[in-house]
Amino acid sequence: MSAYDVIVIGGGVIGTSCAYHLVKKGYKVALIEKGDIASGTSSHCDAAAMITDKMPGADAALGYASIQKFIRLSKELDYDFNFDQSGSLYVCETDQEVEVATGYVNALRAEGYRVKMVDPYEMSQIEPLLAKDLKGGFWSDECAGLNPFKLCYAFVEQVKGKGLDVFLHTKVTGVRLNEKHQVEGVDTDKGSFTTGRVINCGGVYAPEIGRLNGLNIPILPRKGVILLSEATGPVCHQKVQEFGYMVTKFANVECDRDPELLKYNVAFTLEPTEGDNVMLGSSRNFVGYNLNTEIEVINAIAKRGMRFFPILKNMSCVRAYAGVRPFVEDHLPIMSEVEEMPGYYICAGHEGDGISMSPVSGQLMTQLIAGEETELDMEPFRFSRIENRFLD
Amino acid sequence: MSAAIEAASAGVKVLVIDANEKAGGQLFKQIHKFFGSSMHRAGVRGIDIGRELLEKCEELGVEIWLDSLAIGIYDNLRVAVDRKTGFNEHKMILVEPKKIVIATGASENAVRFPGWTLPGVMGAGAAQTMINFHRVLPGKKVLTIGSGNVGLIVSYQLMQAGAEIEGIVEALPKINGYAVHASKLTREGIPIYTGYTVLEAHGKERVSEAVIAKVNPDWSTIPGTEKTIEVDTIAIAAGLKPLTGLAHMAGCQLTFDRFLGGWAPIHNEHMETTVPGIYIAGDSTGVEEANTAIEEGKLAGTAIAASLGYLDEKEADALQEAAWERLKGLREGAHGAERTQAKEHQLHAYAEYMERRGEVG
């Protein structure tokens, strides 16, 4: 059966980025995907590469590194993924939020990122259709938008047949280990492959793949619902979010929230598309892998959207869709080799940041595999930080 | 409406939700007399059947929300409705019925060729709605694609409404609809181009000409046979497909059958889908015709009345049996054998699916 230097499991944005970066490094790579490219989380999300949704420290460093890589990738990849460095705006509803935001922005600025507080007047200049009664916000021109679906294809198309073989509709049934617990191959429902290294990029399905080898990868599917508007004239010019979003994301920033919003973790986000639709989000709740949308959540999102952009009241929603994000308790992805199983790597658990962190994740995994010095400290992302990481 | 009438006459409280400004679906644009396999209503105009059904609904106190869109079916049979509440005013309302009937009908198939998005290129059904319902002539010089009954009837009605029919294009080697409809057109000197297809449409603001050409049996076009026809409207009558969005969203299982227009929800003999409490009737479970839709609606209506305790079992069984008898008769016409087989296949697939689910559960 075919032999590869590295086998990547999962054709989402993380898997395709890993595959791309590995091939660029000279490795012979197989990408194995049980469905199609970008058929899961990577096509059921919105997308922006941001700093201003990251916690200062390792998280923000990863966000920044990703944006720099996107700038390069947008020139390097032949397939256009609609990268647009238009900035992003966070808005605050209360003085309390402004106060917390000021502290947050100062921390980011101290680390050298281009982000600044804006007052209501400046906000109305940046986004004229915003509600007029907001207290303030912060803005960064470093943030960018892109098309996540196209990004996955851009990664694959660039290297397919030039070091990358893609096996779609192929389900991994096992990762073979030798007596020293080293990886020696991958079995699928379509046949077996020989390899010394495998990366589990299964996202929300990474635990399922891990289970085959007794690994307990603590990733939970966290559902998010997004509404898509009809195509109109421009409504917003960049990603706009309420600062309350930070509360749902990290849950360690103190702000008062409406109980209805807390129930489904609803927070306002608005993103323009290149077709002049807007994507309105979002929610976060744990309801398994079910992709059904709930009408209560749709209602709450719509109501929240109209609060910040009153013009949405006059627009039609043409579609509501849900995706599940790979959630990890400490909000950091797992990007690491499994020490007890040499050659078994995991790159998963980016929750809502998978798209934005995909370039740097692919790069880091390639550096890990090549035994090179990684451009970021990998300590926070180690699998060994997980306490019960093996099944009984 | 047939389901609503059957259920309401047994005493069930019924609400009908319709996206259009008038209930009755396609019947109100069918100003022609029914023909052929529509044996028990042959000679009656669709518009009159529609009027009859509407009157009956009013008589039975069926509540009808018009200009109101059922945007989704959520868990526990809840239906979200964007209800019209006034001039230019809509409100989202969550309706929580005990049973749901999906009777969303079918939508027109598109034929894609360069220029197909130009203004003036439209579905034949859309052209028919414009002339017979809105009283607007879509254009003066029309080319029709497809010589099935819809293509033929709509062409004739467009001609009656004052348009010139420049021709009817049919890729098959012979006319696809009833000869009686076709001869009405050929008597007027309208050319029917059998064995032809449309290659492209040209135009700036709207379509101004169509290029057609002869096709080989393998559907490739024969170079040198191109003909350019000056038109301002192209009416596409390329068949219909069931509108399955709501059923699909609700989790109803679908099967594919080309004689029913494509993917359609499977159901049991009471028209109940694989989601308990959700029934389906008419073109949305397989494209047929108005009379079969009416009978399927009756099946769903009586089944619901019985399951809610408004009809005793014996009575319901008799009504259901009679409806099935009439359906059998209706499925003796054009493509009757194929349609009968396809509908049997749906019942079969339902039984298989439920059995499999029973084993798993």
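From a predicted model like this one, the values you see are computed outputs, not experimental measurements. These values consider heavy atoms only, across backbone and side chains, with no hydrogens, waters or symmetry-generated copies. So that the names make sense, note that chain A is the first sequence line, chain B the second, and so on, each numbered from 1.
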Participant: Whether Asp189(A) and Lys34(A) form a salt bridge (side-chain N of Lys/Arg under 4.0 Å from carboxylate O of Asp/Glu) is what I want to check.
Facilitator: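 So Lys34(A) does not pair with Asp189(A) through a salt bridge.
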
Participant: For Met315(A) and Thr232(A): C-alpha separation, side-chain torsions, deciding distance, then whether side-chain contact (heavy atoms from CB on, under 4.5 Å) applies.
Facilitator: CA-CA 8 Å; Met315(A) 290 167 60; Thr232(A) 61; 3.7 Å; yes

Participant: Closer than 3.5 angstrom, by distance alone: can the side chain of Thr41(A) be matched with the main-chain N or O of Val324(A) as a donor-acceptor pair?
Facilitator: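 Between the backbone of Val324(A) and the side chain of Thr41(A) there is a qualifying donor-acceptor contact (under 3.5 Å).
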
Participant: Going through the distances and angles, do Glu157(A) and Lys160(A) end up as a salt bridge (Lys or Arg N to Asp or Glu O under 4.0 Å)?
Facilitator: CA-CA 5 Å; Glu157(A) 291 303 314; Lys160(A) 199 163 86 181; 3.5 Å; yes

Participant: Report the distance from atom CG of Asp36(A) to atom CG of Leu168(A), rounding to the nearest 0.5 Å.
Facilitator: 5.0 Å

Participant: Could you pull out every donor-acceptor pair under 3.5 Å between chain A and chain B?
Facilitator:
{"residue": "Glu296(A)", "atom": "OE2", "partner": "Arg78(B)", "partner atom": "NH1", "Å": "2.5"}
{"residue": "Glu296(A)", "atom": "OE2", "partner": "Arg78(B)", "partner atom": "NH2", "Å": "3.2"}

Participant: For Lys171(A), is there an ion pair with Glu33(A) - N to carboxylate O distance below 4.0 angstrom?
Facilitator: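 Result for this pair is no, no salt bridge flagged.
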
